[in-house]
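Okay, structure first, notes after.
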Amino acid sequence: MKKIEAIIKPFKLDEVKEALTELGNFGITISEVKGFGRQKGHTELYRGAEYVIDFLPKIKMEIVVEDEMVEKVVKAISESARTGKVGDGKIFIIPVEDAVRIRTEERGNAAL
Ligand SMILES: Nc1ncnc2c1ncn2[C@@H]1O[C@H](COP(=O)(O)OP(=O)(O)OP(=O)(O)O)[C@@H](O)[C@H]1O
Ligand SMILES: [Mg+2]
């Protein structure tokens with residue numbers, strides 16, 4: 001199992017969600033976060049205005065999937081979240097030791 005942690009532009013959330021729900025039946029957690037990449041926020045546009053502070057609003061998506069799904073999920077996110085401009089975001093792939101569905105105590109892939 002891997003956790004795919006994607007930081008995307010907020011206005012891309014619906015499009016990314018569409019692309020992911022076409023791929024399969026798995027859970028997704030999102031949070032509103034702030035961050036900057038290598039431009040340190042300065043040269044990046046947000047809602048048409050150039051931001052003068054460092055941290056820009058982003059959405060963080062966390063998705064834990066079985067190993068065979070990882071490349072499909074990464075491709076779906078990167079294609080749907082891309083505008084081609086700076087600040088499109090980043091995807092991190094993190095190993096996950098185990099998972100438990102609380103209701104049934106299923107473990108591992110069966111718990112996803
Ligand atoms: N190395 C990192 N560690 C943690 N979070 C990061 C890292 N790089 C980027 N992020 C997060 O991803 C968001 C988007 O990053 P961004 O797409 O600007 O990366 P970049 O490396 O500057 O690429 P680009 O040149 O395409 O803008 C940042 O606002 C930040 O929240
Ligand atoms: Mg950047």
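Every heavy atom of this structure was used, including side-chain atoms; hydrogens, water molecules and symmetry mates were not. Atoms within each ligand, like the ligands themselves, are counted from 1 in listed order. Being a predicted model, the structure only gives us computed values, none of them experimental.
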Legend entry - Donor-acceptor contact below 3.5 Å, side chain Thr83 vs main chain Lys85: yes
Legend entry - Arg101 side chain to Ala110 backbone, donor-acceptor under 3.5 Å: yes
Inset, instruction - Using modelled atom types only, decide if a donor and an acceptor are shared between the side chain of Asp88 and the backbone of Arg82 within a distance under 3.5 Å. - result: no
Legend entry - ligand 1 contacted by Phe92 (non-hydrogen, < 4.0 Å): yes
Inset, instruction - Answer yes or no: is there a donor N or O on one side and an acceptor on the other, between the side chain of Lys58 and the main chain of Gly87, under 3.5 Å? - result: yes
Legend entry - Donor-acceptor contact below 3.5 Å, side chain Lys12 vs main chain Ser80: yes
Legend entry - Glu106, CD: over 12 other non-hydrogen atoms inside 6.0 angstrom: yes
Inset, instruction - Going by heavy-atom distance to atom 16 (P) of ligand 1, choose the closest among Gly87, Ala81, Gly35. - result: Gly87
Inset, instruction - Quick one: look at Arg38 and ligand 1, take heavy-atom pairs under 4.0 Å, and tell me if it's side chain, backbone, both or neither. - result: both
Legend entry - Nitrogen or oxygen atoms of Ile7 and ligand 1 under 3.5 Å apart: no
Inset, instruction - With heavy atoms under 4.0 Å as the rule, classify the contact between Val86 and ligand 1 as side chain, backbone, both or neither. - result: both
Inset, instruction - For atom 17 (O) of ligand 1, state which one of Gly89, Ala6, Gly37 supplies the nearest heavy atom. - result: Gly89
Inset, instruction - Give yes if a backbone or side-chain nitrogen or oxygen of Lys58 is under 3.5 Å from a nitrogen or oxygen of ligand 1, and no if not. - result: no
Legend entry - Residue portion contacting ligand 1 (non-hydrogen atoms closer than 4.0 Å) for Asp88: backbone
